[in-house]
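Chain letters run A, B, ... following the sequence lines, proteins first, then strands; residues in each count from 1. What you see is a predicted model; the values in this text were computed from it and never measured. Because only heavy atoms are used, hydrogens play no part in the values below, and waters and symmetry mates are left out as well, while side chains stay in.
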Amino acid sequence: MKSSLKSVGEHGSYVFRHNLKITQLGKSGQIDEAIKVFQHMTHKNTVTHNSMISAFAKNGRISDARQLFDGMPQRNIVSWNSMIAAYLHNDRVEEARQLFDKMPTRDLYSWTLMITCYTRNGELAKARNLFNLLPYKWNPVCCNAMVAGYAKNRQFDEARRLFDAMPAKDLVSWNSMLTGYTRNGEMRLGLQFFEEMAERDVVSWNLMVDGFVEVGDLNSSWEFFEKIPNPNTVSWVTMLCGFARFGKIAEARRLFDQMPIRNVVAWNAMIAAYVQNCHVDEAISLFMEMPEKNSISWTTVINGYVRMGKLDEARQLLNQMPYRNVAAQTAMISGYVQNKRMDDARQIFNQISIRDVVCWNTMIAGYSQCGRMDEALHLFKQMVKKDIVSWNTMVASYAQVGQMDAAIKIFEEMKEKNIVSWNSLISGLTQNGSYLDALKSFMLMGHEGQKPDQSTFACGLSSCAHLAALQVGKQLHQLVMKSGYATDLFVSNALITMYAKCGSISSAELLFKDIDHFDVVSWNSLIAAYALNGNGREALKLFHKMEVEGVAPDEVTFVGILSACSHVGLIDQGLKLFKCMVQAYNIEPLAEHYACMVDLLGRAGRLEEAFQLVRGMKINANAGIWGALLGACRIHGNLELAKFAAEKLLEFEPHKTSNYVLLSNMQAEAGRWDEVARVRRLMKEKGAEKQPGWSWIELQNRVHAFLSEDPAHPRAVELCHILRSLTAHMRNTGDMPLECLL
DNA sequence: CTAGGGTTAG
């Protein structure tokens with residue numbers, strides 16, 4: 001009896017010490033060491049297993065934790081709670097709930113864990129239901145969890161109501177309320193609450209410091225930091241990160257050197273500070289120097305190399321890493337993705353057993369950017385837990401490759417949409433020429449309670465510009481003024497372009513004068529506006545003014561002035577500017593510039609020169625260039641060159657009917673009917689069909705679109721009637737252009 | 001060994 005007690009005691013102390021060791025190792029991220037200790041233990045009890053579950057969970061190894069949980073000889077309530085906590089800390093609410101429902105008995109820990117699960121997930125109603133059911137309602141820990149849940153989700157009133165009703169408030173209760181304000185950028189309310197607080201601890205102070213950092217008020221942040229009675233490592237690290245975020249790397253380093261105690265977190269924060277500010281060499285040397293490294297340290301330096309484009313160095317570090325985690329692997333993947341090395345990215349991706357959302361999203365974005373939409377879609381479909389970013393990526397990607405039908409389909413399947421979703425759709429529609437649909441979506445978005453941002457406005461205005469919808473454009477302008485985005489450069493420039501394309505050049509000029517800090521895009525917008533309205537001399541005047549004011553023109557500026565020259569027939573001026581662009585401004589001509597030049601020379605009948613220019617190009621020609629040449633050939637009746645240009649053009653645009661029509665008309669004019677037939681045949685082979693003509697008109701602030709032969713418009717019959725009488729009228733007065741009579 | 005407030009990598 002005595003000896004057996006003694007042996008229990010001996011084992012007891014042995015087990016106790018080792019259990020503690022596992023916990024410590026797990027908390028400090030040394031999971032491999034923890035596993036070793038666990039495996040070599042001669043005696044284990046339930047607590048040993050529980051400790052190991054927590055150690056796994058804290059290091060993201062959720063499936064290992066679950067495996068241990070399922071296989072352990074005996075489970076107590078702490079085992080269940082630990083497993084639920086494991087799911088909580090790894091954002092797996094569904095699995096947590098399943099365990100919670102299945103567990104034989106529940107205690108205060110279980111209920112609190114589950115409430116926190118829900119509030120982290122934003123499911124406040126579910127959390128509140130549990131809270132109302134639980135038997136320990138006025139326990140401060142449970143109450144605090146609920147208060148914190150409300151506060152973090154910006155439900156300040158609900159939080160405050162519960163907070164005020166609490167019979168026993170402790171410091172955590174106060175800090176839970178405070179967190180709600182500081183984490184949501186409500187520093188005015190936060191400060192007010194802070195001053196109201198009966199007692200404060202270092203957490204309260206740290207919250208204030210971090211809150212001010214979040215809203216970009218470094219001065220207040222520093223003011224509070226200096227007042228902290230006993231700053232701890234967290235205080236120092238928070239302030240350090242604040243400096244780092246605003247590029248104050250020297251101040252960050254000074255804090256790091258002054259810190260009384262430097263733990264892994266402090267080292268990691270300093271390394272991250274260097275990485276954020278592109279000082280990768282310093283980051284690496286600090287990494288080498290640091291006494292103990294965890295997976296975050298490794299991930300940070302790998303990410304540093306990735307950002308500098310040093311992929312091989314990053315890969316080497318990843319290979320050396322003692323225990324790879326998803327974050328490090330995802331950093332590596334995003335490096336490969338940015339450099340379009342999708343196969344390398346895929347290799348890493350395949351190595352990851354439990355992938356997080358970020359990792360999947362990175363791969364999907366990568367495939368999309370390489371135009372590999374099938375693979376992107378395949379991954380997207382495989383994803384079990386998609387977030388809003390996954391959906392948005394798919395919408396934007398389909399839009400980018402011009403598959404608007406697919407983009408719209410994905411968009412419509414979305415349960416939850418944010419501003420990015422709408423902007424992806426609207427900018428996609430704009431870029432793919434569906435201006436009217438873009439504007440319709442803009443309106444729809446408003447009806448669904450989503451406010452436009454600068455990007456939405458820019459797209460909407462651009463659509464108005466293309467449609468020449470002045471009234472709608474003006475309305476958007478009004479909305480811009482109310483929204484507070486009027487000072488945004490993108491929006492201002494879009495406004496200039498909109499007025500210019502709608503022919504309201506004086507409004508464009510007025511806007512240009514009103515911009516405080518315009519950039520080269522503003523100049524470009526107005527120059528393009530003049531060019532478009534046939535006011536080439538004004539465009540050139542503005543270009544010179546721009547030079548006088550010391551704004552360096554860019555490639556877009558030259559597209560504007562070259563097209564201005566071409567439209568008003570300033571041949572020599574255009575040639576001079578083209579030369580000046582290359583020689584004085586060191587701008588390599590793009591296809592667009594060549595297209596302008598071909599147009600310019602071609603209109604003047606200097607076809608041979610235009611052709612020589614194209615043949616001498618270093619870059620590949622595009623549809624714009626061949627189109628310009630073909631157009632010039634048509635004007636000046638050069639059938640041979642036209643044939644050549646058309647052949648090239650059709651390689652780019654095999655489905656565009658107008659190209660075939662242009663060529664066949666030229667052949668017809670020359671009486672070469674065999675060639676006409678050949679072109680018609682070719683057109684059929686390539687599957688080019690006559691695209692329905694469509695036009696639009698603004699009536700009483702509404703844009704109406706018409707498709708030829710389209711009876712869909714509600715007032716089609718009426719309109720046809722009016723059209724017929726108009727045509728008759730024009731025929732009588734001789735106003736009718738020839739083409740319209742055909 | 002498990003629950004409520006604060007820091008670090010993506």
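Distance from the side chain of A:Thr299 is smallest for B:dA9 among the nucleotides B:dA9, B:dT7, B:dG5. Closest to the side chain of A:Tyr109, from the set B:dG10, B:dT7, B:dA3, is B:dA3. Here B:dA3 is the nucleotide among B:dC1, B:dG5, B:dA3 with the atom lying nearest to any side-chain atom of A:Leu108. Of the candidates B:dA9, B:dT2, B:dG5, the closest approach to any side-chain atom of A:Ser176 belongs to B:dG5. Checked against B:dG6, B:dG5, B:dG10, the side chain of A:Asn206 finds its nearest nucleotide in B:dG6. Side-chain proximity of A:Val358 to the nucleotides B:dA9, B:dT8, B:dG10 is greatest for B:dG10. Checking B:dG10, B:dT2, B:dT7 against the side-chain heavy atoms of A:Lys27 singles out B:dT2 as nearest.
Within the nucleic acid shown, A:Asn76 has no heavy atom closer than 4.0 Å to any nucleic acid atom. Base engagement by A:Asp170 is indicated by at least one non-hydrogen atom pair under 4.0 Å involving a base atom. Heavy atoms of A:His89 sit under 4.0 angstrom from primed sugar atoms or phosphate atoms, though from no base atom. Residue-level contact check: A:Asp107 touches neither bases nor backbone, having no heavy atom under 4.0 Å from any strand. A:Leu178 comes within 4.0 angstrom of nothing in the nucleic acid, heavy atoms only. Across all strands, A:Lys152 comes closer than 4.0 Å only to sugar-phosphate atoms, never to a base (heavy-atom distances). Using a 4.0 Å heavy-atom criterion, one finds that A:Arg200 contacts no nucleic acid atom at all.
Every side chain to side chain contact (heavy atoms under 4.5 Å, CB included) that A:Lys293 has, sequence neighbours left out, goes to A:Phe287, A:Met290, A:Ser297, A:Trp298. Judged as a side chain to side chain contact (heavy atoms under 4.5 Å, CB included), and not counting sequence neighbours, the contacts of A:Leu189 are A:Tyr181, A:Glu186, A:Gln192.
Proximity of A:Gln276 to the phosphate of B:dA9: a side-chain N or O atom is located under 4.0 Å from OP1 or OP2. A close approach under 4.0 Å does not occur between any side-chain nitrogen or oxygen of A:Arg106 and OP1 or OP2 of B:dA3.
Look at CZ on A:Phe225: it is 19 Å from P on B:dG6, rounded to the nearest Å. Atom pair A:Ile296:CD1 and B:dA9:P shows a separation of 8 Å (rounding to whole Å applied). For the pair A:Trp138 CH2 and B:dA3 P, the interatomic distance rounds to 23 Å; values are reported in whole Å. Distance, A:Ile115 CD1 to B:dG5 P: 12 Å, rounded to whole Å. In this structure, the CH2 atom of A:Trp205 is 19 Å from the P atom of B:dG6, given to the nearest Å. Distance, A:Met83 CE to B:dC1 P: 19 Å, rounded to whole Å. One atom, CG of A:Leu286, and another, C1' of B:dT8, lie 14 Å apart when rounded to the nearest Å. The separation between A:Ile77 atom CD1 and B:dA3 atom C1' is 12 Å, rounded to whole Å.
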Determine all donor-acceptor pairs shorter than 3.5 Å in which one atom belongs to a side chain in residues 274-284 of chain A; sequence neighbours excluded.
unit_1: A:Tyr274; atom_1: OH; unit_2: A:Arg253; atom_2: NH1; d: 3.0
unit_1: A:Asn277; atom_1: ND2; unit_2: A:Ala244; atom_2: O; d: 3.3
unit_1: A:Asn277; atom_1: ND2; unit_2: A:Ala273; atom_2: O; d: 2.8

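If you check residues 34-60 of chain A against DNA chain B, the residues with a heavy atom closer than 4.0 Å are A:Val47, A:Asn50, A:Ser51, A:Ser54, A:Lys58, listed by number. Taking every heavy atom of residues 233-264 of chain A and every atom of DNA chain B, pairs under 4.0 Å involve A:Val234, A:Thr238, A:Cys241, by number.
Under the 4.5 Å side-chain criterion, counting only non-hydrogen atoms from C-beta, A:Asn206 is in contact with A:Asn232.
Under a 4.0 Å N-O distance rule, the pair A:Asp343/A:Arg372 qualifies as a salt bridge. Remark: A:Arg161 engages A:Glu158 in a salt bridge, criterion side-chain N to carboxylate O under 4.0 Å. Using a 4.0 Å cut-off between charged side-chain N and carboxylate O, A:Glu416 and A:Lys386 make no salt bridge.
The main-chain N or O of A:Glu123 is never found under 3.5 Å from a side-chain atom of A:Asn121 such that the two would form a donor-acceptor pair. Using modelled atom types, one side-chain atom of A:Thr393 and one backbone atom of A:Val389 make a donor-acceptor pair closer than 3.5 Å.
For A:Phe194 and A:Phe224, the ring centers are positioned less than 6.0 Å apart.
Applying the ring pair (Phe, Tyr, Trp, His ring centres under 6.0 Å) test to residues at least two apart or on different chains, the pairs with a partner in residues 54-73 of chain A are A:Phe69-A:Trp80.
Judged by distance alone, with hydrogens and angles left aside, A:Asn303 brings no side-chain donor or acceptor close enough to the base of B:dG10 to form a pair under 3.5 Å.
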